[in-house]
Number of protein chains: 2
Amino acid sequence: MEEKNIITGENINSHLKDIEEHSKIAVSVDCVIFGYDMEELKVLTISCNMDPYKGLPSLIGDLVNEYEDLDQAAKRILKERTGIDNLYLEQIKSFGKVDRHPLGRVITVTYFALVKKEDYTSNGTRPAVNSKWIALSQINEMAFDHLNITNVALDTLRKKLLECPIWMKLLPVDFSLPELQHLFETIIGIPLDKRNFRKKILSLDIIQESGKKQKDVPHRPANLYRVNQKKLKKEYSFLLKNPFHHG
Amino acid sequence: MEEKNIITGENINSHLKDIEEHSKIAVSVDCVIFGYDMEELKVLTISCNMDPYKGLPSLIGDLVNEYEDLDQAAKRILKERTGIDNLYLEQIKSFGKVDRHPLGRVITVTYFALVKKEDYTSNGTRPAVNSKWIALSQINEMAFDHLNITNVALDTLRKKLLECPIWMKLLPVDFSLPELQHLFETIIGIPLDKRNFRKKILSLDIIQESGKKQKDVPHRPANLYRVNQKKLKKEYSFLLKNPFHHG
DNA sequence: ACACTTAGTGTCTCCAGTACACAATCTAAT
DNA sequence: ATTAGATTGTGTACTGGAGACACTAAGTGT
C-alpha cells in the first residue's frame, strides 16, 4: 500500500492549497479563567445562547485566526475578554469529539488562566458583555463539553499548585499566611493543619515578611508576606515572564 | 463593542457553513511512539522528504479526518503505521506555531504511545514504509518541530513513569527485576540503587513472581515476575482498557 | 477590664527515601 | 570436578519530611 502523507513529508505531491482544502475542521481556543476573591475559587463564564445549550454558562473562547500562534490566540482572547495582559496562562489539552459543537466540527485547544480579582476589577479592563464569575461550587451544568474541560482544568491546577508557587498569581502582592492557607484549602478541597502548613511554606523560602500587618480586622491582625523575588527568579523564573509555562 | 462568537454561542448569527469557511487551518495528529528493546529507548520515525527537512527523521502523523474524534485519529494512525491495535496512548499537548509546517497552517495534536518490541515485530504487523526505530540518544535533529515534541513527550513519559506502572506497556509479560530497573534507568537517565529499587517496586504490590526463571543467560538467572492483575484492576484500571487515559 | 476572635508557635512520632557489602546461583573454561 | 567469572538477591541503620496536636499572643468591641 503506497504511503502519501502531507504531514510527515512522505512522497510529497501536494502543496499549500491541498492542506487548506483538507481543513473542514475549525480550531478554537477555550480558556478556563480562574479567579479568587479571598473567599471562593471562581470561573469566568458567559451565557450561551445557542441551542441546545441556551442559558448555560460557557467558557470564554474564540476561533483561532489563520495568522496567529495558538498561544497568541489564547492571549488575545484573554486580553479581549478581561482587559488584562500578561495573565498566567498554560495549555491543558485539546478536545476533539466529532459532535462536541452543534454547529460543526470544532476542535478546541484549552488553556487555564489565573487572575487576581484586584487586577480584574481595576481600571482599564473591558470585561466581556455578560461575563460572569461563577463559584466552582455553584457550577453543575455548562454548555458544550465545558464542564468536562473545567474539571480537567481544575485537576491540572491542583497538581500544579503542589509543584510550584502559581498561587501567587491568585493573591495580592501582600498576603497573610492564613489567607494563603485558605486558598490552598479552597483549591485542594481539604482542610490543612495550620502549623504544618506554615512550616512547609516557610521552609520553601519563597516568601518573606513585608513588615506590614493586616488592617481593619476585628481581631489580631496577621503579618503580611510577599514573594521572595530572588528565590523566584532562581527557581521558578517561568512565573515571572507571565504567559506560557512550557514543560 | 458588539460581541459575536460562534464558539461560545453569544449572539448567534452563523451556522455550520460559517465554521467551515472559517477553517483555513488543518489539524494533524503526531504520535511519539516509544519502543524498548531491553537495551535502549527508541522512537519510531520515518524519513521526511519535504524541503527544507528532506532526509531528517519525522514523527508518525496524519491529518485528522472530518468525521473522526481526535483520539480515534491517533488510534487509526497507530494501527496504520504499526499494525497494532490497543497501544497505550495518551494525549500530550498541541503545537500551533504559524510557521511550524512549510506547506501551510497546520496545528498538531500530539500523543505518545508505548509499544513492546515483541508486539511490533510479531506477525500481522504492517509497519509504515521506511519507518525506522531510532534510539533517543542518537537523535539530534528532526523535521519540523518534532524534536521539541519528542522532548516534551519524553518529559511526560518520565513523569508518568513515577506515577503509575505504565512501564508494563514496554515490557514482555514475564520480566526480571534487573530488566525493570534497567528500563527505569534508561528512561529517567540516572542509575538507581538495586536494593532500594527492588524494595520500592515490591512494596507497591503490583508485581508477583511467575515461578519461572531466566533461560540461556551465562550467569545466575533472575526470577521472572509478571503484573498482579488484581491489584492492577483495583488501582490502575485505566491501564487495562489500553487506549486513552484521561486525567 | 473583659469577652471574643483569629494569629502564631514547638515537639514528638512515624514512615519513606537513601546509603551501603556480601553471600548465592548459574555458566564457561580448564 | 574444580575454579573463575558474572550477575542475582538480600537487610540494616540513618536521615529528613509529613502529620498529629494545645496553648499563648494580639488585636477588636462592649
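Excluded from the calculations below are hydrogen atoms, water molecules and symmetry mates; all remaining heavy atoms, backbone and side chain alike, are included. Because the structure is a prediction, the values reported are computed rather than measured.
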S.K.: List in numerical order all residues of residues 186-193 of chain B for which some heavy atom is under 4.0 Å away from an atom belonging to DNA chain D.
M.R.: none
S.K.: Let me have the donor-acceptor pairs involving side chains of residues 137-144 of chain A, under 3.5 Å, with sequence neighbours excluded, atom names and distances please.
M.R.:
from     : atom 1 : to      : atom 2 : distance (Å)
A/Ser137 : OG     : A/Glu40 : OE2    : 3.1

S.K.: For A/Glu209 and C/dA7, what is the distance between atoms CD and C1' respectively, to the nearest whole Å?
M.R.: 12 Å
S.K.: Quickly work out the B/Leu202 CG to C/dA16 C1' distance and round it to whole Å.
M.R.: 15 Å
S.K.: Listing time: all N or O pairs from protein to nucleotides 22-26 of chain D that are below 3.5 Å?
M.R.:
from   : atom 1 : to       : atom 2 : distance (Å)
D/dA22 : N1     : A/Arg195 : NH1    : 3.1
D/dA25 : N3     : A/Arg220 : NH1    : 2.8
D/dA26 : O4'    : A/Arg220 : NE     : 3.2

S.K.: Using atom NE2 of B/His182 as one end and atom P of D/dT8 as the other, report the distance to the nearest whole Å.
M.R.: 11 Å
S.K.: Considering only heavy atoms and no angle criterion, is a donor-acceptor pair shorter than 3.5 Å present between the side chain of A/Lys200 and the base of D/dG19?
M.R.: no
S.K.: Starting at CG of A/Asp216 and ending at C1' of C/dT5, how long is that distance when rounded to a whole Å?
M.R.: 16 Å
S.K.: If we only count heavy atoms from C-beta on, is the A/Asn148 to A/Phe95 side-chain gap below 4.5 Å?
M.R.: yes
S.K.: With rounding to the nearest 0.5 Å, note down the distance linking CD in B/Glu235 to SG in B/Cys164.
M.R.: 11.5 Å
S.K.: Please identify each residue that fulfils side-chain hydrogen bond (donor to acceptor under 3.5 Å, both in side chains) with A/Lys42, with sequence neighbours left out.
M.R.: A/Asp37
S.K.: Quick one: do B/Glu80 and B/Arg76 make a salt bridge, cutoff under 4.0 Å?
M.R.: yes
S.K.: In this structure, how many angstroms lie between the P atom of C/dT6 and the CG atom of A/Leu224, rounded?
M.R.: 17 Å
S.K.: Take B/Val217 and A/Ser176, find for each the nucleotide of DNA chain C with the closest heavy atom, and name the residue whose nucleotide sits nearer the 5' end.
M.R.: A/Ser176
S.K.: Determine whether the aromatic ring centres of residues B/Phe175 and B/Tyr225 are separated by less than 6.0 angstrom.
M.R.: no
S.K.: Over how many whole Å does the gap from B/Arg198 atom CZ to C/dA21 atom C1' extend?
M.R.: 15 Å
S.K.: Could you list the residues that satisfy salt bridge (charged side-chain N to carboxylate O under 4.0 Å, His left out) with A/Arg220, not counting sequence neighbours?
M.R.: none
S.K.: Out of B/Ile187, B/Thr186, B/Leu180, which one pairs with B/Phe184 under the side-chain contact (heavy atoms from CB on, under 4.5 Å) rule?
M.R.: B/Leu180
S.K.: Looking only at N and O atoms, is any donor in the side chain of B/Lys199 or the base of D/dT12 less than 3.5 Å from an acceptor on the other one?
M.R.: yes
S.K.: Confirm from the modelled atom types if A/Asn223 and C/dA7 form a donor-acceptor pair under 3.5 Å, side chain to base only.
M.R.: no
S.K.: Could you tell me how far apart A/Phe197 (CZ) and D/dC21 (C1') are, to the nearest whole angstrom?
M.R.: 18 Å
S.K.: From CG of A/Leu180 over to P of C/dA7, roughly how many Å is that when rounded to an integer?
M.R.: 13 Å
S.K.: Applying salt bridge (charged side-chain N to carboxylate O under 4.0 Å, His left out), name anything that partners B/Arg226, two or more places apart in sequence or on another chain.
M.R.: B/Asp174
